[in-house]
Amino acid sequence: MTASGANPAPALLVIDMQNTLVAIAHRASATVAAIAGLQARARAAGVPVVFAQQEDEELEPGTDGWRIVSGLAPAAGDTVVPKAAPDSFLGTELDAVLRARGVTEVVVTGFATEICVESTARQALSRGYDVVLVADGHTTSVRPAAPGRYAAPETSVAHHNEIYRNLRFPGRRVRVLPAAEVDFGHGSPSSGPGAPIPG
């Protein structure tokens with residue numbers, strides 16, 4: 001696969017937006033709305049929509065908590081890839097699914113910013129894909145009220161967006177765009193003048 005080509009072929013990747021996880025997510029409704037808008041535009045443009053769906057002892061297949069939230073439910077033609085690790089590529093069919101569709105650029109959204117989103121985005125780069133991290137399309141958990149060493153959720157999201165704005169990966173194109181600026185209509189997400197990119 002050749003990344004950073006003249007005409008990248010994108011896919012929208014939605015990671016772990018499942019009932020149990022979205023219930024503890026920071027800015028859950030806003031994140032769901034941003035991803036839902038991306039899904040509608042991707043489907044209208046014929047761009048693949050791929051879900052990575054966690055399965056483990058807390059997210060048992062078939063349970064309500066394991067299901068993808070209703071506002072983002074897969075549609076006919078979408079692909080759901082079960083996974084058991086933070087890296088959505090590890091031990092799954094994700095790479096094969098993307099390659100079979102001719103995908104060269106992965107538009108990354110989902111939960112949780114520092115774990116599955118981060119692990120998957122880095123692996124996408126290592127496997128030869130360009131990456132668009134959707135600035136307002138990924139989120140993390142609401143933090144416990146007790147003092148701890150975790151960054152506040154809004155700080156963590158902003159921190160990862162800033163890392164990806166400045167990340168240089170040889171032979172790859174890495175971008176951070178708000179959902180409103182992801183353009184599937186021309187065959188690839190594109191950035192232009194417009195609203196500032198949120199944290």
Side-chain angles (χ1 to χ4, degrees), residues 1-4 8-25 28 31-32 35 38-39 42-43 47-134 137-141 150 156-157 160-161 163-164 167 169-176 189:
M1 176 185 302
T2 302
S4 302
L12 175 63
L13 180 60
V14 181
I15 302 170
D16 294 355
M17 292 298 286
Q18 296 159 254
N19 287 323
T20 290
L21 303 176
V22 173
I24 61 169
T31 305
V32 168
I35 297 172
L38 288 168
Q39 286 180 336
R43 290 167 182 149
V47 168
V49 177
V50 181
F51 294 82
Q53 185 174 25
Q54 182 71 18
E55 297 183 352
D56 55 32
E57 62 278 1
E58 295 180 357
L59 293 165
E60 184 177 349
T63 62
D64 184 64
W66 161 86
R67 291 186 178 89
I68 294 163
V69 294
S70 60
L72 301 176
D78 295 346
T79 303
V80 180
V81 176
K83 71 183 187 68
D87 170 10
S88 300
F89 289 93
L90 182 63
T92 75
E93 296 299 314
L94 180 57
D95 193 43
V97 165
L98 297 176
R99 291 181 187 276
R101 300 285 191 92
V103 171
T104 62
E105 183 169 67
V106 182
V107 179
V108 180
T109 68
F111 181 96
T113 296
E114 319 88 345
I115 306 172
C116 298
V117 171
E118 160 67 6
S119 298
T120 300
R122 292 292 178 114
Q123 276 300 311
L125 290 167
S126 292
R127 290 170 181 263
Y129 298 95
D130 294 332
V131 166
V132 175
L133 179 64
V134 181
H138 66 97
T139 190
T140 189
S141 57
Y150 283 115
S156 186
V157 170
H160 283 78
N161 285 342
I163 286 175
Y164 275 78
L167 185 63
F169 215 97
R172 310 287 184 271
R173 180 169 64 164
V174 184
R175 293 180 292 160
V176 178

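Only this structure's heavy atoms are used, side chains among them; waters, hydrogens and symmetry mates stay out.
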In Å, rounded to the nearest 0.5 Å, how long is the span from [atom1] of [X] to [atom2] of [Y]?
X	Y	atom1	atom2	value
L98	T79	CG	OG1	9.0 Å
Q53	W66	CD	CH2	4.5 Å
R127	L94	CZ	CG	8.0 Å
T20	R67	OG1	CZ	10.5 Å
C116	M17	SG	CE	12.0 Å
T63	E55	OG1	CD	9.5 Å

For [X] and [Y], which heavy atoms make the closest approach, and how far apart are they?
X	Y	answer
L72	Q39	O-NE2, 3.3 Å
D130	G171	OD1-O, 4.3 Å
P74	V80	CG-CG2, 3.7 Å
Y164	V176	CB-CG2, 3.5 Å
K83	A52	CD-CB, 3.8 Å
V14	T109	CA-OG1, 3.4 Å

Are [X] and [Y] close enough that some pair of their side-chain heavy atoms sits under 4.5 Å apart?
X	Y	result
V47	V107	no
R172	V131	no
P48	V103	yes
Q123	D95	no
L133	V117	yes
V50	V106	no
F51	Q18	no

Could you go through the side-chain contact (heavy atoms from CB on, under 4.5 Å) check for N161 and H138 one step at a time?
CA-CA 10 Å; N161 285 342; H138 66 97; 2.7 Å; yes

side-chain contact (heavy atoms from CB on, under 4.5 Å) evaluation trace for F89 with R122:
CA-CA 10 Å; F89 289 93; R122 292 292 178 114; over 6 Å; no

Show your reasoning for whether side-chain contact (heavy atoms from CB on, under 4.5 Å) applies to L59 and L21.
CA-CA 9 Å; L59 293 165; L21 303 176; 3.9 Å; yes

Is a side-chain donor-acceptor pair under 3.5 Å present for T120 with S88?
yes

Heavy atoms of other groups near E60 CD, more than 12 under 6.0 Å
no

Side-chain donor/acceptor of T104 to backbone N/O of A9, under 3.5 Å:
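Flag set: sc T104 to bb A9 pair under 3.5 Å.
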
Between T113 (side chain) and T139 (backbone), is there a donor-acceptor pair under 3.5 Å?
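Side chain of T113 to backbone of T139, a donor-acceptor pair under 3.5 Å: yes, one is there.
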
